[in-house]
Amino acid sequence: MLDILMRAGSFVAIILLGYLLKRIGFFKQEDFTILSRITIRITLPATIITSFAGKEIDTALLSLTLLAIGCGLLYVAIGFLTNRKKSKDQQAFEMLNLSGYNIGTFVIPFAQSFLGSMGVIATSLFDTGNAVMCLGGAFSLASMVKDGSGFSVRRILKSLSRSVPFVCYVLMLLMNLLKLPVPNFVMSCAGIIGSANAFMAMLMIGVGFKLEGDRSQIWTIVRMLAIRYGVAAVLACIFYFVLPFELEIRQALVILAVSPIGSAVPGFTGEMKGDVGLSSALNSMSIIISITVTVILLSVML
């Protein structure tokens with residue numbers, strides 16, 4: 001347990017380092033974009049390659065992709081139903097901001113460090129379905145409620161095709177199922193680059209951390225986070241005690257259930273002309289809660 005707390009504490013220390021370096025001027029807010037691009041487009045894909053290569057994947061695990069889509073739709077439905085008597089703007093905001101998981105830059109570093117290759121594979125398969133909701137699915141559903149626009153499959157496919165991690169997930173999954181080997185040189189490079197993913201992801205979170213919501217919105221933040229993590233607690237129990245997967249995979253699903261709100265959500269909120277400050281505050285607060293809960297759960301499960 002001490003080892004788990006020390007490694008988890010290292011993650012928190014790196015996040016604090018990123019935040020403090022931004023506060024003293026070493027990093028500027030715009031540097032977050034550069035760190036994000038390096039993490040999402042370089043180190044995370046390298047981690048995916050090393051995790052999938054040479055591993056036997058049970059086809060039953062493909063159901064994790066559908067499970068992720070189902071979880072995303074569940075949160076969208078909750079946002080819709082709990083705001084039926086409120087304005088369309090508020091209803092659409094909560095549909096979008098309750099859904100989605102920050103997996104690539106939050107869960108995968110934890111899975112990489114604590115749960116082994118099968119944990120990373122399970123996390124990656126789940127994130128494949130999560131991407132469908134985070135990269136357009138939830139936004140399209142929320143937009144339908146707000147302004148009556150139609151559900152855009154084309155928009156979702158366009159967003160997915162531009163997501164390097166999603167393309168890498170699909171490519172590595174196909175190669176794995178077809179028994180196609182990854183060239184040794186690619187594996188060697190991916191191993192070196194992927195080893196930096198946890199550090200880059202945590203540093204990026206620290207640099208990007210910000211609270212911009214109005215004080216009058218505190219109750220909205222508390223209520224939405226209570227809904228988010230209340231549902232997450234129920235899902236985590238179902239994932240761990242009910243689903244018929246091996247222990248390492250169920251442990252990964254528990255961490256996935258309590259992961260933060262998707263990092264792309266504030267951007268989509270702005271595109272929908274919603275309250276970006278409130279969305280950013282929700283996103284940042286969810287990171288603090290998820291780190292705390294994740295460390296506790298890892299200490300209990302491992």
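Everything quoted here is computed from the prediction, not taken from an experiment. Residues: numbered from 1 along the sequence shown.
Hydrophobic clustering places I15 together with M204 (ILVMFWY residues linked when any side-chain heavy atoms are closer than 4.5 Å, directly or through intermediates). Both I24 and F27 belong to a common hydrophobic cluster when Ile, Leu, Val, Met, Phe, Trp and Tyr are linked at side-chain heavy-atom distances under 4.5 angstrom. By the criterion of side-chain heavy atoms lying less than 4.5 angstrom apart, applied directly or through intervening Ile, Leu, Val, Met, Phe, Trp or Tyr residues, L20 is not grouped with V207; the two fall into different hydrophobic clusters. Residues V167 and L177 are members of separate hydrophobic clusters, defined by side-chain heavy-atom contacts under 4.5 angstrom among Ile, Leu, Val, Met, Phe, Trp and Tyr. Both I288 and M224 are assigned to one and the same hydrophobic cluster, defined by single-linkage of ILVMFWY side chains at heavy-atom distances under 4.5 Å.
Expressed to the nearest 0.5 Å, how far CG of L98 lies from CZ of F93 amounts to 9.0 Å. Atom CZ of R41 is separated from atom SG of C168 by 14.0 Å, given to the nearest 0.5 angstrom. Rounding to the nearest 0.5 Å gives a distance of 12.5 Å between OH of Y101 and OG1 of T123. Note that CG of N97 and CD1 of I261 are 6.5 Å apart. Values are rounded to the nearest 0.5 Å. Between atom CD1 of residue I69 and atom CE of residue M133 there is a gap of 8.0 Å, rounded to the nearest 0.5 Å. In this structure, CE in M200 is found 12.0 Å from OG in S195, a value given to the nearest 0.5 Å.
Here the closest non-hydrogen pair linking A131 and F166 is CB-CD1, 3.8 Å. Residues P181 and M175 come closest through the heavy atom pair O-CE, 3.6 Å. A pairwise comparison of heavy atoms in F106 and I287 identifies CE1-O, 4.4 Å as the closest pair. Taking both residues in full, the closest heavy atoms of P109 and G104 are given as CD-O, 3.7 Å, listed atom of the first, atom of the second, then distance. What you find for T269 and S279 is that their closest heavy atoms are OG1-OG, 3.3 Å. Closest heavy-atom contact between K22 and G208: NZ-C, 4.4 Å.
Counting only heavy atoms from C-beta outward, the side chains of R228 and L282 never approach each other to under 4.5 Å. With contacts defined as side-chain heavy-atom distances shorter than 4.5 Å, the pair T128/L62 does not qualify. The shortest distance between side-chain heavy atoms of Q251 and V254 does not fall below 4.5 Å. Side-chain contact check for M144 versus M95: every heavy-atom pair is 4.5 Å or farther apart. With a 4.5 Å cut-off on side-chain heavy atoms, F126 and T65 do not count as touching. Considering only heavy atoms from C-beta on, F110 stays 4.5 Å or farther from L115 through its side chain. Contact check for L256 versus N130: no side-chain heavy atoms found under the 4.5 Å cut-off. Looking at heavy atoms from C-beta onward, S259 lies out of side-chain contact with N102 at the 4.5 angstrom threshold.
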Residues T220, Q90; criterion side-chain contact (heavy atoms from CB on, under 4.5 Å); working and verdict: CA-CA 10 Å; T220 300; Q90 180 67 22; 4.3 Å; yes

Begin with the C-alpha distance, continue with both residues' side-chain angles, and end with the deciding distance and a verdict on side-chain contact (heavy atoms from CB on, under 4.5 Å) for E94 and R223. CA-CA 11 Å; E94 296 205 14; R223 182 179 58 80; 2.3 Å; yes

List the steps and the verdict of side-chain contact (heavy atoms from CB on, under 4.5 Å) for I296 and V293. CA-CA 5 Å; I296 293 171; V293 175; 5.7 Å; no

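Within the structure, salt bridge (charged side-chain N to carboxylate O under 4.0 Å, His left out) contacts touching residues 118-141 (residues at least two apart or in different chains) do not occur.
Exactly one residue among T294, V107, T292, I291 makes a side-chain contact (heavy atoms from CB on, under 4.5 Å) with V258. That residue is T294. Each of T39, I40, I38, T33 was checked for a side-chain contact (heavy atoms from CB on, under 4.5 Å) with S36, and the lone residue meeting it is I40.
Side chain of T50 to main chain of T47: a donor-acceptor pair is present (N/O by atom type, distance under 3.5 Å, no hydrogens or angles). Remark: the backbone N or O of G194 is not paired with any side-chain donor or acceptor of N197 at under 3.5 angstrom. Side chain of N283 to backbone of G262: a donor-acceptor contact under 3.5 angstrom is found. Panel note: side chain S188, backbone N184; no donor-acceptor pair is recorded below 3.5 Å. The closest donor-acceptor contact from the side chain of K86 to the backbone of Q91 lies at 3.5 Å or more, if one exists at all. Using modelled atom types, one side-chain atom of S299 and one backbone atom of V295 make a donor-acceptor pair closer than 3.5 Å.
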All N/O donor-acceptor pairs, side-chain side in residues 229-249, below 3.5 Å, sequence neighbours left out:
{"unit_1": "Y229", "atom_1": "OH", "unit_2": "S286", "atom_2": "O", "d": "2.8"}
{"unit_1": "Y229", "atom_1": "OH", "unit_2": "S290", "atom_2": "OG", "d": "2.6"}
{"unit_1": "E248", "atom_1": "OE2", "unit_2": "M118", "atom_2": "N", "d": "3.3"}
{"unit_1": "E248", "atom_1": "OE2", "unit_2": "G119", "atom_2": "N", "d": "3.1"}

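Applying the ring pair (Phe, Tyr, Trp, His ring centres under 6.0 Å) rule to F268 yields the partners F139; only residues at least two apart in sequence or on another chain are considered.
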